[in-house]
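Just the heavy atoms: all of them, side chains too, but no hydrogens, waters or symmetry mates, feed the values below. Being a predicted model, the structure only gives us computed values, none of them experimental.
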Amino acid sequence: MGVVAKRSSMTFYSDPACQYSHRVRIVLAEKGVTVDIKDHEPDSVPKEVSDINPYSSLPTLVDRDLVLFEHHVMMEYLDERFPHPPLLPVYPVARGESRQLIYRIDRDWSSRVDAIVAAKSKDSVTRARKELRESLLAIAPVFDDKPYFMSEEFTLVDCCVAPILWRLPSLGIDFPEKQAKAIDKYMERIFERESFQISLSEVEQEMRD
């Protein structure tokens, strides 16, 4: 797959370990956007971000006079600003279905990743690992139905699923080989994409070294 030629210039303040920052970096890479990515730890957000973002949070995307500080908004903005390749379906029903899938991914999977990373207690981490592992295995056959997640084309849904799957080893989650063949094939397809490789921060590269 060839990444689209560079087309714009903007600044993306990114948490190099955060799944939500990673989502946006995948979109930026898919679109071939010229972007200045500035990595910061969430507990050391620079003043330049605090001055423009009322929540002093990461990720933060700056495009000229526009400042965005919610990753879903960033992803859809980038998809609209740079229409090719499209990462959401054209038709309203299909777009609604994609947005609903992203909502479910956030509720069912991303929230468990956050709980493991937060590590508030041993019990909470153990429970989140178990729930995430079981939830992914329960839906494993879906990964085999189409080339991408419930789609013939790579979409924003894949941009949300891929960072979770990439982090599984660092989260202490593995699968029985026979039960996870479809997930493994999906991961191989996604992780080999040039845009995905470009999207990885140094921290994320080390997660699977």
Could you pull out the closest heavy-atom pair between Pro141 and Ala138, with the gap in Å? CD-O, 4.0 Å
Restricting to non-hydrogen atoms, name the atom on Lys38 and the atom on Asp36 that form the minimum distance, rounded to 0.1 Å. CE-OD2, 3.2 Å
Cationic N near anionic O, under 4.0 Å, Asp63 to Arg81: yes
Between Ser21 and Asp15, does any side-chain donor sit less than 3.5 Å from a side-chain acceptor? no
Cation-pi check, Arg133 onto Phe175 ring (under 6.0 Å, within 45° of axis): no
Leu101 side, atom CG; Tyr103 side, atom OH - distance, nearest 0.5 Å: 13.0 Å
Kindly indicate whether the side chain of Gln179, heavy atoms from C-beta on, has any atom under 4.5 Å from the side chain of Leu137. yes
Can you tell me how far CG of Leu58 sits from OH of Tyr13, rounded to the nearest 0.5 angstrom? 10.0 Å
Rounded distance [0.5 Å steps], CD1 in Ile190 versus CD in Gln197: 11.5 Å
Consider only side-chain heavy atoms of I, L, V, M, F, W and Y, link residues closer than 4.5 Å, and tell whether Leu156 and Phe149 are in one cluster. yes
Taking the side chain as everything from C-beta on, heavy atoms only, tell me whether Leu165 gets closer than 4.5 Å to Ile183. yes
Is the number of heavy atoms from other residues, nucleotides or ligands within 6.0 Å of CZ (Arg208) greater than 12? yes
Indicate yes or no: at least one non-hydrogen side-chain atom of Phe196 is less than 4.5 angstrom from one of Ser199. yes
Is it the case that over 12 heavy atoms from other parts of the model lie below 6.0 angstrom from the CG atom of Asp65? no
For Arg129 and Leu171, indicate whether the former's side chain and the latter's backbone hold a donor-acceptor pair under 3.5 Å. yes
Would you confirm whether Thr60, through its side chain, and Ser56, through its main-chain N or O, come within 3.5 Å as a donor-acceptor pair? no
Glu153, CD atom: more than 12 neighbouring heavy atoms under 6.0 Å: no
Between Asp114 and Ser110, does any side-chain donor sit less than 3.5 Å from a side-chain acceptor? no
Measure the shortest side-chain to side-chain distance between Arg167 and Ile116 over non-hydrogen atoms and say whether it is less than 4.5 angstrom. no
For the atom pair CD1 (Ile102) and SG (Cys160), what is the distance rounded to the nearest 0.5 Å? 4.5 Å
Would you find more than 12 non-hydrogen atoms of other residues, nucleotides or ligands less than 6.0 Å from Phe191 atom CZ? yes
Would you please test Val62 and Ile52 for side chain to side chain contact (heavy atoms under 4.5 Å, CB included) and show each step? CA-CA 9 Å; Val62 181; Ile52 57 176; 3.5 Å; yes
Please answer whether the main-chain N or O of Ser44 pairs with a side-chain N or O of Glu41 as donor and acceptor at a distance below 3.5 Å. no
Between Cys159 and Val27, what is the shortest heavy-atom contact and its length? SG-CG2, 3.8 Å
Residues Asp158, Arg23: salt bridge by 4.0 Å N-O rule: no
To the closest 0.5 Å, what do you measure between CG (Leu28) and CE (Met75)? 10.0 Å
State plainly whether the residues Arg127 and Asp123 are in salt-bridge range, i.e. N to O under 4.0 Å. no
Before accepting this row, confirm whether a basic side-chain N of the pair Arg25/Glu204 lies closer than 4.0 Å to the acidic partner's carboxylate O. yes
With heavy-atom distances below 4.5 Å as the criterion, would you say the side chains of Phe143 and Asp184 are in contact? no
Using 30° and 60° as the class limits, which term best fits the ring planes of Tyr20 and His71: parallel, tilted or perpendicular? tilted
Tyr77 versus Leu66: any side-chain heavy-atom pair under 4.5 Å? yes
Grouping I, L, V, M, F, W and Y whenever their side-chain heavy atoms are under 4.5 Å apart, do Leu136 and Tyr186 come out in a common cluster? yes
Over all heavy atoms of both residues, which pair between Ala140 and Ala182 is shortest? Give the atoms and the distance, please. O-CB, 3.4 Å
Assigning hydrophobic clusters by single linkage (Ile, Leu, Val, Met, Phe, Trp, Tyr; side-chain heavy-atom cutoff under 4.5 Å), is Trp109 placed with Ile173? yes
Flag yes if Leu78 and Val67 sit in one hydrophobic cluster, no otherwise; membership is Ile, Leu, Val, Met, Phe, Trp, Tyr, and two members link when side-chain heavy atoms are under 4.5 Å apart. no
Heavy atoms only: give me the nearest Arg112-Arg107 pair and the separation to one decimal. NH1-O, 3.4 Å
Distance-only side-chain donor-acceptor flag, His72 / Arg99, under 3.5 Å: no
In one Ile/Leu/Val/Met/Phe/Trp/Tyr side-chain cluster, 4.5 Å: Phe154, Leu88: yes
Is Lys130 paired with Glu134 through a side-chain N to carboxylate O contact shorter than 4.0 Å? yes
Please name the pair of heavy atoms, one in Ala17 and one in Met207, separated by the smallest distance, quoted to 0.1 Å. O-CE, 4.0 Å
Output for pair (Ile26 CD1, Lys31 NZ), nearest 0.5 Å, gives 13.5 Å
Are any of the side-chain heavy atoms of Leu87 and Glu30 separated by less than 4.5 Å? yes
Assess the side chains of His40 and Ser14: does a donor N or O sit below 3.5 Å from an acceptor N or O? no
When you compare the side chain of Ile105 with that of Val157, does any pair of heavy atoms fall below 4.5 Å? yes
